[in-house]
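Input: a single structure, listed below in structure tokens.
We use all heavy atoms of the structure for the numbers below, so side chains are in, but hydrogens, waters and symmetry mates are not. What you see is a predicted model, and the numbers here were worked out from it, not measured in a lab. Ligands are counted one by one from 1 in listed order, and the atoms in each one are counted from 1 as well.
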Amino acid sequence: MSATTSAPARARVSGRARGLGRWRRRRATATTATATATGVDGRVDDALDWAHTTVMKFGGSSLADAARVREVGAIVRSFPEETPVVVLSAMGKTTNDLLRAGELALRCDGDHETIETMEPLVAVRRLHEETMAALGTDAATAEEVRRLLKKLEQVCVGVSLMQECTSRTRALLVSFGERMSTRIFASYLRSLGTAAEQVDSIDDMFVTDDVYENGAVLDETYEKIQARLAPRPGQGPAVRVVTGFLGRGIKTGAVCTLGRGGSDLTATVIGKALGLEEVQVWKDVDGVLSADPREVSNTVPMPFLSFQEATELAYFGAQVLHPHSMRPAMDSGKLAVRVKNSYNIRAPGTVIGHKRAEDLHKDWLLTSIVRKKNVTMLDITSTRMLGQYGFLAKVFNIMATNGISVDVVATSEVSVSLTLDPSKLWERDLAKEELEKLKLDFENDGIANVAVSSGHSIISLIGNVERNNEIMERAFRALGSKDIKVKMVSQGASKTNISLLVNDSQGADAARAIHAEFFE
Ligand SMILES: Nc1ncnc2c1ncn2[C@@H]1O[C@H](COP(=O)(O)OP(=O)(O)O)[C@@H](O)[C@H]1O
Ligand SMILES: N[C@@H](CC(=O)OP(=O)(O)O)C(=O)O
């Protein structure tokens with residue numbers, strides 16, 4: 001990475017370096033991985049050395065506008081001894097705007113002018129134009145970004161003419177966000193004298209199955225990343241600025257996303273592919289917090305989380321991490337994930353790894369409280385007699401044939417209560433249809449009677465396996481004091497997570513009461 005730094009940037013970076021000093025010194029000795037990589041021609045190349053590579057992911061919250069892009073540039077350049085791979089999400093709320101543009105286009109009649117002036121498209125264009133103007137983006141990049149903006153408009157015209165916005169189209173629409181942010185950022189780094197190259201992850205790199213808006217990353221991706229990011233003979237090191245969130249479907253060749261928040265997963269997949277020891281995920285909070293800060297005040301950051309805790313937390317609804325993003329790190333055996341705050345770079349952040357460090361948190365009880373809203377519960381009661389075997393097998397078989405995933409389960413011999421993953425039921429009509437079919441499947445087979453109720457919250461308590469009795473006792477005391485009724489309790493075999501079901505209307509109060517009991 002080039003050492004050329006403008007005066008203001010240098011001042012900022014050196015100020016920060018004091019705060020980052022200890023962490024960086026430790027990183028310098030820790031990051032000595034030498035990966036065995038496969039070359040472009042498929043040859044295994046033992047000489048490839050990723051020792052000076054790190055992966056840094058910045059989400060939309062870190063890239064809200066030109067000022068934030070400058071800050072992110074300063075962070076990237078404050079690791080002069082390394083050549084990072086930078087993974088970026090779309091700027092600010094661009095992904096949401098692009099989805100809204102698709103929806104609105106459906107209500108237009110294909111008229112170019114109406115599409116061009118649609119509010120979400122105007123917002124996307126304005127944000128990217130203003131950012132480029134403020135950063136002095138080079139002419140070639142600005143032209144490329146404008147070409148993308150034009151193409152985006154054409155896709156919206158297509159949606160309004162065809163009068164359909166399919167999952168495949170939505171994936172294509174949102175891809176413009178990451179394709180623009182990475183180009184603008186790479187150009188900005190170059191303008192500061194840092195060699196940088198934009199890389200499209202949809203361009204022979206991330207291969208997914210063909211689930212357009214929630215693609216699973218396929219194994220061939222790992223070799224492709226090594227080939228794509230390998231240093232090129234005769235070229236000096238350059239920061240690679242890679243689009244997060246995106247891949248290409250293996251059969252259709254269509255642009256696919258890795259699901260909302262999927263750039264975290266892009267980063268850990270790259271970290272595993274390059275055999276690294278740490279991936280940094282930069283957010284707008286001081287790490288993984290004890291609860292959602294938008295709902296609970298006085299939250300505190302967790303210094304350490306195990307992969308299992310982080311996965312449970314993400315799966316049960318904490319927006320801070322993508323639910324699948326821990327898997328590549330877990331599989332790699334040596335990769336840790338560090339969550340840092342791009343707005344407060346001195347905060348140590350959260351390290352997510354295999355082992356809880358002995359000296360941290362000896363007395364820890366509860367790690368985090370997560371609330372998942374809008375949950376539907378099924379109460380399934382067997383119509384057969386006690387002792388009937390195979391009841392649960394039949395229940396889960398019916399769930400599987402209906403393609404509905406289950407979150408939390410509590411059973412007795414003749415009945416089972418379970419909650420359904422709300423992401424599966426996000427369209428109202430579909431939810432109704434799916435639920436009715438599900439009920440019929442149970443009742444037609446004469447297996448069970450089903451009662452469906454919605455509007456629940458799952459409060460998940462991620463905590464210390466050894467001290468579950470204490471967690472339960474104190475949580476129930478806190479809920480009791482606020483008169484909050486618990487409708488279902490479930491504790492997984494892993495015991496990392498205790499789940500309590502309450503009414504949505506009491507969900508936020510429940511999270512606050514439990515948080516106050518354990519953290520305040
Ligand atoms: N337990 C939690 N810890 C930290 N942040 C959380 C938690 N639960 C919810 N959040 C929210 O997640 C946000 C960060 O995630 P996200 O918006 O996806 O970041 P980014 O866009 O930078 O990837 C925070 O601003 C915070 O409001
Ligand atoms: N831009 C995508 C992908 C992503 O990871 O975003 P973020 O890092 O801002 O959560 C989204 O909004 O889902």
Closest protein heavy atom (residue, atom, distance) for [atom]:
{"atom": "atom 7 (P) of ligand 2", "result": "S89 OG, 3.5 Å"}
{"atom": "atom 5 (N) of ligand 1", "result": "V320 CB, 3.5 Å"}
{"atom": "atom 19 (O) of ligand 1", "result": "K283 CD, 3.5 Å"}
{"atom": "atom 13 (C) of ligand 1", "result": "D284 OD1, 4.0 Å"}
{"atom": "atom 10 (O) of ligand 2", "result": "G261 CA, 3.7 Å"}
{"atom": "atom 22 (O) of ligand 1", "result": "S61 OG, 2.5 Å"}
{"atom": "atom 1 (N) of ligand 1", "result": "L289 O, 3.2 Å"}
{"atom": "atom 12 (O) of ligand 2", "result": "R260 NH2, 2.9 Å"}

Cation-pi between [X] and [Y]: NZ/CZ under 6.0 Å from ring centre and within 45° of the ring axis?
{"X": "R68", "Y": "Y343", "result": "yes"}
{"X": "R474", "Y": "F518", "result": "yes"}
{"X": "K272", "Y": "Y222", "result": "yes"}

* Inspect the surroundings of NZ in K482 and state if more than 12 heavy atoms from other residues, nucleotides or ligands are less than 6.0 Å away. =>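 Counting neighbours around NZ of K482, 12 or fewer heavy atoms of other residues, nucleotides or ligands fall under 6.0 Å, so no.
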List every atom of ligand 1 that sits less than 4.0 Å from any heavy atom of [X], numbering the atoms from 1 in the order shown and giving each element.
{"X": "G60", "result": "21 (O)"}
{"X": "G287", "result": "4 (C)"}
{"X": "A291", "result": "1 (N), 2 (C)"}
{"X": "G59", "result": "20 (P), 21 (O), 22 (O), 23 (O)"}

* **Numbered atoms and elements of ligand 2 in range of E178, under 4.0 angstrom, heavy atoms** =>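 Once the distances to E178 are compared, the set is 1 (N), 2 (C), 3 (C).
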* Asked: Which ligand 2 atoms does G59 reach within 4.0 Å, using its non-hydrogen atoms?
  ->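 Counting from 1, the qualifying ligand atoms are 8 (O), 9 (O).
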* **Heavy-atom nearest option to atom 16 (P) of ligand 1, drawn from H322, E295, Q319** =>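 Checking each option, the heavy atom nearest atom 16 (P) of ligand 1 is found in Q319.
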Does ligand 2 have an atom under 4.0 Å from some heavy atom of [X]?
{"X": "G177", "value": "no"}
{"X": "K93", "value": "no"}
{"X": "Q319", "value": "no"}

Side-chain donor-acceptor pair present, [X], [Y], cut-off under 3.5 Å:
{"X": "R240", "Y": "Q198", "value": "no"}
{"X": "T257", "Y": "E213", "value": "no"}
{"X": "S499", "Y": "S490", "value": "no"}
{"X": "Y315", "Y": "N497", "value": "no"}

* side-chain contact (heavy atoms from CB on, under 4.5 Å) partner of L172, chosen from L152, V155, L98 ->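 Only match with L172 under side-chain contact (heavy atoms from CB on, under 4.5 Å): V155.
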* Asked: What part of H322, side chain from CB on, backbone N/CA/C/O, both or neither, has a heavy atom under 4.0 Å from ligand 2?
  ->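 Near ligand 2, H322 shows nothing, with every heavy atom at 4.0 Å or more.
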Classify the contact between [X] and ligand 1 as side chain, backbone, both or neither, using a heavy-atom distance cut-off of under 4.0 Å.
{"X": "D292", "value": "both"}
{"X": "R294", "value": "side chain"}
{"X": "S89", "value": "neither"}
{"X": "K57", "value": "side chain"}

Would you confirm whether [X], through its side chain, and [Y], through its main-chain N or O, come within 3.5 Å as a donor-acceptor pair?
{"X": "R228", "Y": "D203", "value": "yes"}
{"X": "E178", "Y": "A90", "value": "yes"}
{"X": "S290", "Y": "V300", "value": "yes"}

* Asked: Does an N or O from V288, backbone or side chain, lie closer than 3.5 Å to an N or O of ligand 1?
  ->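 Such a contact does not occur with ligand 1.
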Is the closest N or O pair between [X] and ligand 2 shorter than 3.5 Å?
{"X": "G60", "result": "yes"}
{"X": "K57", "result": "yes"}
{"X": "T95", "result": "yes"}

* How far apart are the closest heavy atoms of W282 and M56, and which atoms are they? ->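 In terms of heavy atoms, the two residues are closest at NE1-CE, 3.9 Å.
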* To do: Work out which heavy atom in G249 is nearest to a heavy atom in C256; give both atom names and the distance.
  =>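 It is N-SG, 3.7 Å.
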* Can you tell me how far OG1 of T137 sits from CG of L135, rounded to the nearest 0.5 angstrom? ->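 Rounded to the nearest 0.5 Å, the CG-OG1 separation comes out at 5.0 Å.
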* Rounded to the nearest 0.5 Å, how far apart are CG of L479 and CD1 of I459? ->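 Atom-to-atom, L479:CG and I459:CD1 are 8.0 Å apart.
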* Of all residues at least two apart in sequence or in a different chain, which pass the ring-ring contact (aromatic ring centres under 6.0 Å, His included) check with H456? ->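 None.
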* Please confirm whether G261 comes under 4.0 Å of ligand 1, counting heavy atoms of the residue only. =>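 No, G261 has no heavy atom closer than 4.0 Å to ligand 1.
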* Test item, P301 contacting ligand 1 (heavy atom, 4.0 angstrom) ->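 The answer is no: ligand 1 sits nowhere under 4.0 Å from a heavy atom of P301.
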